[in-house]
Amino acid sequence: MIPPGFIQDLLARVDIVDIVGRHVDLKKAGINHKGLCPFHGEKSPSFIVSPSRQTFHCFGCGQHGNAVGFLMEHLGIGFVDAVKDLAQQAGMQVPEDDRSPQQREAEKAQKQRQATLTEVLAKASQHYRQQLKGNPRAIDYLKGRGLTGQIALQFGLGYSPEGWRTLASAFPSYDDPLLVETGLVILQDDPGKSEAEQRRYDRFRDRIMFPIRNVQGEVIGFGGRVLDKGEPKYLNSPETPVFHKGKELYGLYEARPAMRRRGYALVVEGYMDVVALAQHDFGNAVATLGTACTQDHVQKLFRFTESVVFSFDGDAAGRRAAGRALEAALPHANETRTIKFLFLPTEHDPDSYVRELGAEAFERCVENAVPLSRQLMETAAEGCDLGTPEGRAKMLSVAKPLWAALPDGLLKRQLLGELARRAQLPDAELQSLWANALPPPAPGQRQRAEQRPATPRAQPRPSADGGQGGAGDEPYFDIPASAYGDESAGGDEVHIPHDAYAGDAGAPSPQQEAPKQQRKWEPRGDFKGKGKGKWGGGDWRKRDQDPTIGLPRKAPPAPMDHAVRMLLLHGELWNHVGEQDLQLLHELPGEHGQLIAWLERFLVDHGPTPWAVLQAALLEADRMELAERVCGGPISAPVSEEHLEDEFRVVMRRLWISRLRAEADQIARSPQPDMGRFQSLLKQIRELEAA
C-alpha cells in the first residue's frame, strides 16, 4: 500500500498546470489557467486549473480534484496507477509494497515489454496514416461512407497499401521479432526452415486501418476493413501481451467525453458503425472487437457511465448477439444502472440507418430501446406457447439461470414477480422452487454457506381466520445468517459500548413499556444547607452548575452510525458484507445511504485503503463533512483491530434489529394492525437479541 505521506509529498512536488496541460490546451486567465473541459463537450472554456490551490474545477460539469484525480478521471485508471504515473513524471520512486524482489523485477520487465510493443504499434499507426493521405482510392472510399477528414483524424484512420512487405519502409529491420509479436507481420510456419529462412509478410494488405486504443490512448492493435469485396471483411490483430479482444472496446478512448455529455454508452458491432455514428454527433458509441460482448466489456463500461444501450441488427444473428450481451450484462445489473437493447430493422445497421434516416430518427430508436427486464422476459419466452402449461414451464426453465445471474436486490425481486405472473404461479411458490438458484457466496467471504446457522425466515402473513396465509402470499425479506453471528467463530464474547445498542431515531420498540413510578421528592435538610442528608449540605446556589443545562440534548450514536464509521476506518470489512447486508446498508435513510453508495464505488475502484488515503479522497470529493455528520462527529478514533469482524457483525445485527423495530412500530400505529406479522417481527427481534 502506498504511504499517505508519499502522496502528499508527490502532490507538493508536481505542478498541476503541467500535468493537465499535457492533455488540455490551457491559456492563462488571471492567476489561473483556463481551457475546454476534457470531461464533457463544450464550446466556451469553463475548465479552470488553479496553480495556487493545485486543483482543477469545471463549472460546466462539476468535475474537480487534484493531479491524481485528474489522471484517474481522464485516463480511466485506478488510484495506484495514477500515483505511479504521476511519480514517474516527477522522477520519484513509489515506495514498494511487500512483494518479493523477484516479483517486482518480473512486473517491471513486463511493463517495459508492453511499453516497447505499444511504441512499435504507434509507429505502425503513423505509417498507415501517412499512406492514407497519399491514396485517393482510400480517401474516396471514406468520403463515400459519409466521413469527413476531421472524424478520420479523431480516430486516427489509416490505410495499409497493397503488397506483401509494405511495412519494410516504416521499420529499419523487417526481421524484427517485435513486428511478429505485435501481430503486424505474419511469420510463415515451416518446420523445415530456420526462422531466418521462413517467409514474412504483412498481416494487413489493402485495408482501411482502424487503430485500437486503450483508455490511456496507447495503440494496442488494429482492425482492417477491405475497400472492395473480399474476405474476411474485417480483420483484427491477434491476441498479444497488450491486446485482448475480450477485454477491449473499440472507440472507448474517444467516446468518454460524449458518454458524459449524453449520459450513456452505445455498444455496436462494427468499427464503421462507431465512426459513422460519431460523424452524426453520436460520439458515445463503442464496438466489440469481433467477439461477443463479455462481462469484462460491461464492467469496463460501467467505470465511465451508469447507462448502457446495446444496438444490434434485427436479424437472427443480431438476436443471438443480444442474447450473449444479456448474459454478460445480468451480473452487473442493479437498481442504479440502466441497461437497454436496441434492435434496428433487418435491412439496416447503425451506419446505414443514421446515414439514410438521420440522427433524429436514430435518437428516437435509442429512446424506445427495450429495458433489460423486458429483454430477459422476451428471451425466456421465445418459442414458448404461454397458453399451455408446457410452454410456461419451458419459459421458466430458460428464465431460471438468467434470473439467478442477477445480483440480489430490488430488481431481482421484481423480476421474480413478473416471471411468476407470466407463468401463472404465486410469487411465493416460484421463489420456493428457485431457492437453490441463488448464487453461492463469494469465495472471499469469511462465512461460508455451509458454516452458517439456519436463517430464520419471516413467518407467513396470517389469514383473516387466524390461520396461515395461502401459497399466493409473498414472504417478507429474510434476515441474513450473518446477523446472527458465526457459531464457528469461537473466542470470547465481544462487548460493544452501550450506545452502540441505541435504536434509530423514530424507531422505538413496539413493546409496551411498563409505566414509570413517580418518585416523590423528599427534602433532605433545608435550602440553606443546614441539614445533612443524601444531597449533602452547603449552599445550593454556590454549587457548580452543569454547563450542558439548557442546551439541546445530543442523540446517542445509532447502529447505522457505527456501521458506516467501521467501514470508513476499515475498508477490508467490505469483503465481509453479504448481499442482504449490502442491500440493508444501501437502504439506510438520507445521508447514510448516500455515503454508503459513494464508499462502495470508491472501494470497488480502488480496493480497501488506509483511512488516511480514504480521508484524502473524501476531502477531494467534498464529502468529508457528510462523513462526519453521518458518524456523529470527527472520524479520528479507530475501532479496535481485535475481534474487528465479530464487532462489525454485532453492529450489523443491531441494524437489523432497528429495522425490524421500525416496521413493528409502523404496524402498531396502523388503524388495522397485522398482528400475525407483528408477532413474527417480535420473535425475530428476540432471536437477534439472544444471538
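Remember, predicted model here, so these are calculated numbers, not experimental data. We use all heavy atoms of the structure for the numbers below, so side chains are in, but hydrogens, waters and symmetry mates are not.
In summary, the side chains of Gln131 and Asn135 do not present any donor paired with an acceptor at a separation below 3.5 Å, with no hydrogens or angles considered. Using a 3.5 Å distance cut-off with no hydrogens or angles, the side chains of Asp202 and Thr166 do pair a donor with an acceptor. A side-chain N or O of Gln279 and one of Thr148 form a donor-acceptor pair less than 3.5 Å apart. Residues Arg129 and Gln126 have side chains that bring a donor and an acceptor to within less than 3.5 angstrom of each other. Side chains of Glu239 and His244: a donor on one and an acceptor on the other come within 3.5 Å. No side-chain donor-acceptor contact under 3.5 Å links Tyr250 and Asn236.
For Arg207, there are no side chain to side chain donor-acceptor pair (under 3.5 Å) partners two or more places apart in sequence or in a different chain. With sequence neighbours left out, the side chain to side chain donor-acceptor pair (under 3.5 Å) criterion links Arg324 to no other residue.
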Evaluate Leu289 against Phe243 for side chain to side chain contact (heavy atoms under 4.5 Å, CB included), listing each step before the verdict.
CA-CA 11 Å; Leu289 303 172; Phe243 179 55; 3.4 Å; yes

Determine whether Tyr159 and Tyr128 satisfy the following criterion, ring-ring contact (aromatic ring centres under 6.0 Å, His included), listing intermediate values before the conclusion.
CA-CA 5 Å; Tyr159 172 68; Tyr128 292 141; 8.8 Å; no

For Leu10 and Val83, what are the C-alpha separation, side-chain angles and deciding distance, and is it a side chain to side chain contact (heavy atoms under 4.5 Å, CB included)?
CA-CA 8 Å; Leu10 175 62; Val83 172; 3.9 Å; yes

Would you sort out whether Phe210 and Ile212 count as a side chain to side chain contact (heavy atoms under 4.5 Å, CB included), showing the intermediate values?
CA-CA 6 Å; Phe210 298 82; Ile212 302 167; 5.6 Å; no

Stepwise ring-ring contact (aromatic ring centres under 6.0 Å, His included) test for Tyr271 and Tyr234
CA-CA 9 Å; Tyr271 304 108; Tyr234 284 98; 5.5 Å; yes

Intermediate values then yes/no, side chain to side chain contact (heavy atoms under 4.5 Å, CB included), Leu36 and Val24
CA-CA 7 Å; Leu36 294 176; Val24 180; 5.6 Å; no

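For the pair Phe79/Ile7, a side-chain contact is recorded, criterion being any heavy-atom separation below 4.5 Å from C-beta on. Here the side chains of Leu121 and Val242 are in contact, with some heavy-atom distance below 4.5 Å. Side-chain contact between Gln114 and Ile220 is absent, with no heavy atoms from C-beta onward closer than 4.5 Å. For the pair Phe310/Leu326, no side-chain contact is recorded, criterion being any heavy-atom separation below 4.5 Å from C-beta on. For the pair Ser50 and Phe56, the minimum side-chain heavy-atom distance is 4.5 Å or more. Phe155 is not listed as a side-chain neighbour of Pro211, based on a closest heavy-atom distance of 4.5 Å or more. For the pair Val286 and Leu266, the minimum side-chain heavy-atom distance is 4.5 Å or more. Between Val267 and Phe312, every side-chain heavy-atom pair lies at or beyond the 4.5 Å cut-off.
Applying side-chain contact (heavy atoms from CB on, under 4.5 Å) to Thr288 and the options His297, Lys245, Glu248 leaves one that passes, His297.
Between the CG atom in Leu330 and the CG atom in Leu372 there is a gap of 5.5 Å [rounded to 0.5 Å]. Of the inter-residue distances, the one linking Ile139 atom CD1 with Leu157 atom CG reads 11.5 Å to the nearest 0.5 angstrom. For the atom pair OH of Tyr174 and OG of Ser169, the computed distance is 10.0 Å after rounding to the nearest 0.5 Å. Here Leu568 contributes atom CG and Ile596 contributes atom CD1; the two are 7.5 Å apart, rounded to the nearest 0.5 Å. To the nearest 0.5 Å, the span separating OG on Ser160 from CZ on Phe204 amounts to 8.0 Å. Here the straight-line distance linking atom CE of Met566 with atom CG of Asp561 works out to 13.0 Å at 0.5 Å rounding.
Nearest heavy atom pair, residue Val94 against residue Ala87, reads CG2-CB, 3.5 Å. The nearest pair of heavy atoms linking Gln216 to Leu75 is NE2-O, 3.9 Å. The two residues Tyr253 and Asn214 have their closest heavy-atom pair at CB-O, 3.5 Å. Residues Lys123 and Pro172 share a closest heavy-atom pair of NZ-CD, 3.9 Å. The nearest pair of heavy atoms linking Val14 to Ala90 is CG1-CB, 3.6 Å. In terms of heavy-atom proximity, Val274 sits nearest to Gly251 at CG1-CA, 4.5 Å.
Remark: side-chain polar atoms of Arg165 are paired, donor with acceptor, to backbone N or O of Arg200 under 3.5 angstrom. In this structure, the side chain of Gln54 engages the main chain of Pro51 through a donor-acceptor pair within 3.5 Å. Proximity of a side-chain donor or acceptor of Asp351 to a complementary backbone N or O of Ala276 within less than 3.5 Å is not detected. With Lys300 contributing its side chain and Lys247 its backbone, the two residues share a donor-acceptor pair below 3.5 Å. Checking side-chain atoms of Thr55 against main-chain N and O of Gly65 turns up no donor-acceptor pair under 3.5 Å. Between the side chain of Thr182 and the main chain of Leu178, a donor-acceptor pair closer than 3.5 Å is present. A donor-acceptor pair under 3.5 Å is formed between the side chain of Arg565 and the backbone N or O of Cys631. No donor-acceptor pair under 3.5 Å is formed between the side chain of Asn32 and the backbone N or O of Ile48.
Within 6.0 Å of the CD atom in Gln154, the count of heavy atoms belonging to other residues, nucleotides or ligands exceeds 12. Under a cut-off of 6.0 angstrom, the local environment of CZ in Arg629 is crowded, with over 12 non-hydrogen atoms contributed by other residues, nucleotides or ligands. In Lys27, the NZ atom is not crowded: 12 or fewer heavy atoms of neighbouring residues, nucleotides or ligands sit closer than 6.0 Å.
Cation-pi geometry between Arg260 and Phe39 is not met at under 6.0 angstrom from the ring centre and within 45 degrees of the axis. Arg337 forms a cation-pi arrangement with Phe302, by the criterion of a distance under 6.0 Å to the ring centre and an angle within 45° of the ring axis.
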